[in-house]
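Taking it in order: structure first as structure tokens, then the write-up.
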Amino acid sequence: MMTSRPSIAFAKFAVPKKGSVFVLAANDSGLGDPAKACDPAKTLERAFPVADFSGKFAGLVEVLAPEGTSLDRLVAVGAGKVSALDDHAWLKLGGTITTSLRKATEVAIVLDLPGTDVGGRQAAQLAAGILLRSYAFDKYKTKKDNGDGQRDGNKAEPKKPVKVTIHTADPAAAKKAFSDEVAVIDGVLLARDLVNEPANILGPVEFAARVNELEALGVAVEILVEKEMKKLGMGALLGVAQGSPRGARLAVMRWNGGKAKDSPIAFVGKGVTFDTGGNSIKTASGMEDMKGDMGGAAAVTGLMHALAARKANANVVGIIGLVENAVDGHAQRPGDIVTSMSGQTIEVLNTDAEGRLVLADALWYCNDRFQPKFIVNLATLTGAIMVALGQHYAGLFSNNDELANRLTSAGQATQERVWRMPLGTEYDKLIDSKNADMKNIGGRYGGAIIAAQFLQRFVKDTPWAHLDIAGTAIGAPSSEINQSWASGFGVRLLDRLVRDNYEG
């Protein structure tokens, strides 16, 4: 069973006759005329002082079976200060409304605030927030919840989709804006699905099959198998995969929405579908979370879906390295030396520092074949970045100030925030090896920086940014727009980066 997705439509202002109705109230400014028309007996206005409701953001006041109407419920949602209502605030309002839908099957949202015009973009953002918050990964639950946290033994049936109608001054503009938003939200939800899937269901081969589905949107897809990667000299990536019988894949996605002669922009993702740590094995506690060690690859796949679905006016390449880091008699050993596609040799001192090995070959292949304007890679790479930044910011490392600044701005706009971390020769020296060109770990300190320094050796002078999303892609704190273990972090951030800076 999978939770049913809400059906969303837009309409001109009208007084709803049935179901649940949500209206907005800004800080201390009361209700607008369309909202008042839904409440002829002024039950909400009488309830406000009793509930100490002032319109504070995300505050709620609910009246059941309101007097003078045939409605089931009438709910006022606090919008806070009108001047603070940016895109993300509208997303959060949509998520807040979703928490109060309960068992409603028909919902109307009256999108009006006194003293301000609520346009199509705002309506679309609110609708997007509803879809993001409605997501739940419950496809493997076969028994129905009886309401007290227990399963009653009966087969779970899909819930009837809730029908949401958003009443707004310009429904045509809202519908047009929402079409782009849906493309991006579908990309986010795809990324969440991929990360949430258990590793026995989603290995490298199965992930590659999911990537192939993007061809239906016009994405050109190539899947390189081990024989082809070996011929290319991808010893770093293949070394990680050699302990698993499930094989390795390199997925190449191309969206050609820009001018034919324009160089592409590129995104590269780490796709370790399960990470035992290899022979440097992880502790048992929390190892189940390592099904999500492909969060970077999931984000790149979701981004390519978003860009293709909204017909982005840009040439974009997405590349993901897909491996399983397993343990058997063939698995890589600490002390092994591998040769990367670049020709540089790597002494593998810790087989649990495997993501950077996968990315080393994926980055070199991307740069060598496509010669992009820039490369951004994403990876659930280090626990060290969580020690530094917690789980509210991703770590940003870059060799290019313009790219770093644009990523930071996109992060602020979407609230998928990044924080720039340092790079430098002092750190780079820590991965020099006596036995090879480099080793894959440094000392005890600065682990996230050392991992970034390692990756930088595989991008030449191409503008490049590395996003360490270990704290934000999996197990991140719940929010108004996400209650899932997998957040889909990176899809909205990078779509905004492309939209604001690289579309003609």
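The figures here come from the full heavy-atom set of this structure, side chains too, leaving out hydrogens, waters and symmetry mates. Please read these numbers as outputs of a predicted model, since none were measured by experiment.
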With a 4.0 Å cut-off on N to O distance, would you call [X] and [Y] a salt bridge?
X      : Y      : value
Asp87  : Arg121 : yes
Arg249 : Glu206 : no
Asp361 : Arg356 : no
Asp437 : Arg457 : no
Glu503 : Lys311 : no
Arg406 : Glu402 : yes

Does atom [atom1] of [X] have more than 12 heavy-atom neighbours, drawn from other residues, nucleotides or ligands, at distances under 6.0 Å?
X      : atom1 : answer
Asp117 : CG    : no
Lys175 : NZ    : no
Lys163 : NZ    : no

Would you confirm whether [X], through its side chain, and [Y], through its main-chain N or O, come within 3.5 Å as a donor-acceptor pair?
X      : Y      : result
Gln412 : Ser409 : no
Asn350 : Asp352 : yes
Asp368 : Trp364 : no
His88  : Gln415 : no
Ser487 : Thr472 : yes
Asn315 : Ser263 : no
Asn399 : Thr462 : yes

Identify every side-chain donor-acceptor pair in residues 176-183 under 3.5 Å, counting partners at least two apart or on other chains, and give the distances.
{"unit_1": "Ser179", "atom_1": "OG", "unit_2": "Lys176", "atom_2": "O", "d": "2.6"}
{"unit_1": "Glu181", "atom_1": "OE2", "unit_2": "Gln125", "atom_2": "NE2", "d": "3.0"}

State, with a plain yes or no, whether a side-chain heavy atom of Lys227 is found less than 4.5 Å away from one of Lys230.
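Sidechains of Lys230 and Lys227: no contact.
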
Could you tell me how the ring of His466 sits relative to the ring of Trp464: parallel (under 30°), tilted (30 to 60°) or perpendicular (over 60°)?
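Judged by the thresholds at 30° and 60°, the geometry between His466 and Trp464 is parallel.
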
Determine, stepwise, if the pair Asp495 / Arg310 fulfils salt bridge (charged side-chain N to carboxylate O under 4.0 Å, His left out).
CA-CA 10 Å; Asp495 176 78; Arg310 70 172 182 82; 2.7 Å; yes

Go through Lys270 and Glu354 one step at a time and tell me if the salt bridge (charged side-chain N to carboxylate O under 4.0 Å, His left out) criterion holds.
CA-CA 10 Å; Lys270 169 190 172 184; Glu354 85 299 332; 3.4 Å; yes

Check whether the side chains of Glu416 and Tyr393 place a donor and an acceptor atom closer than 3.5 Å, and report yes or no.
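Result is no, nothing qualifies.
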
If you look only at pairs with a residue in residues 471-504, which of them pass as a ring pair (Phe, Tyr, Trp, His ring centres under 6.0 Å), with sequence neighbours excluded?
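Passing the test, one end in residues 471-504: Phe374-Tyr502.
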
Name the residue from Arg496, His305, Arg499 that meets the side-chain contact (heavy atoms from CB on, under 4.5 Å) definition with Val184.
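Of the listed options, the one satisfying the test is Arg499.
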
Kindly give the heavy-atom pair with the smallest separation between Ala353 and Asn440, and that separation in Å.
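Distance-wise, the nearest heavy atoms are O-ND2, 3.1 Å.
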
Heavy-atom closest contact (Val491 atom, Ala306 atom, distance)
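That would be CG1-CB, 4.4 Å.
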
Geometric cation-pi criterion Arg192 and Phe137, 6.0 Å radius, 45° cone:
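Verdict for Phe137: no cation-pi partner in Arg192.
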
Checking side chain to side chain donor-acceptor pair (under 3.5 Å) between Tyr135 and each of Asn482, Thr98, Asp193, which is the one that passes?
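When side chain to side chain donor-acceptor pair (under 3.5 Å) is applied between Tyr135 and each of Asn482, Thr98, Asp193, only Asp193 qualifies.
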
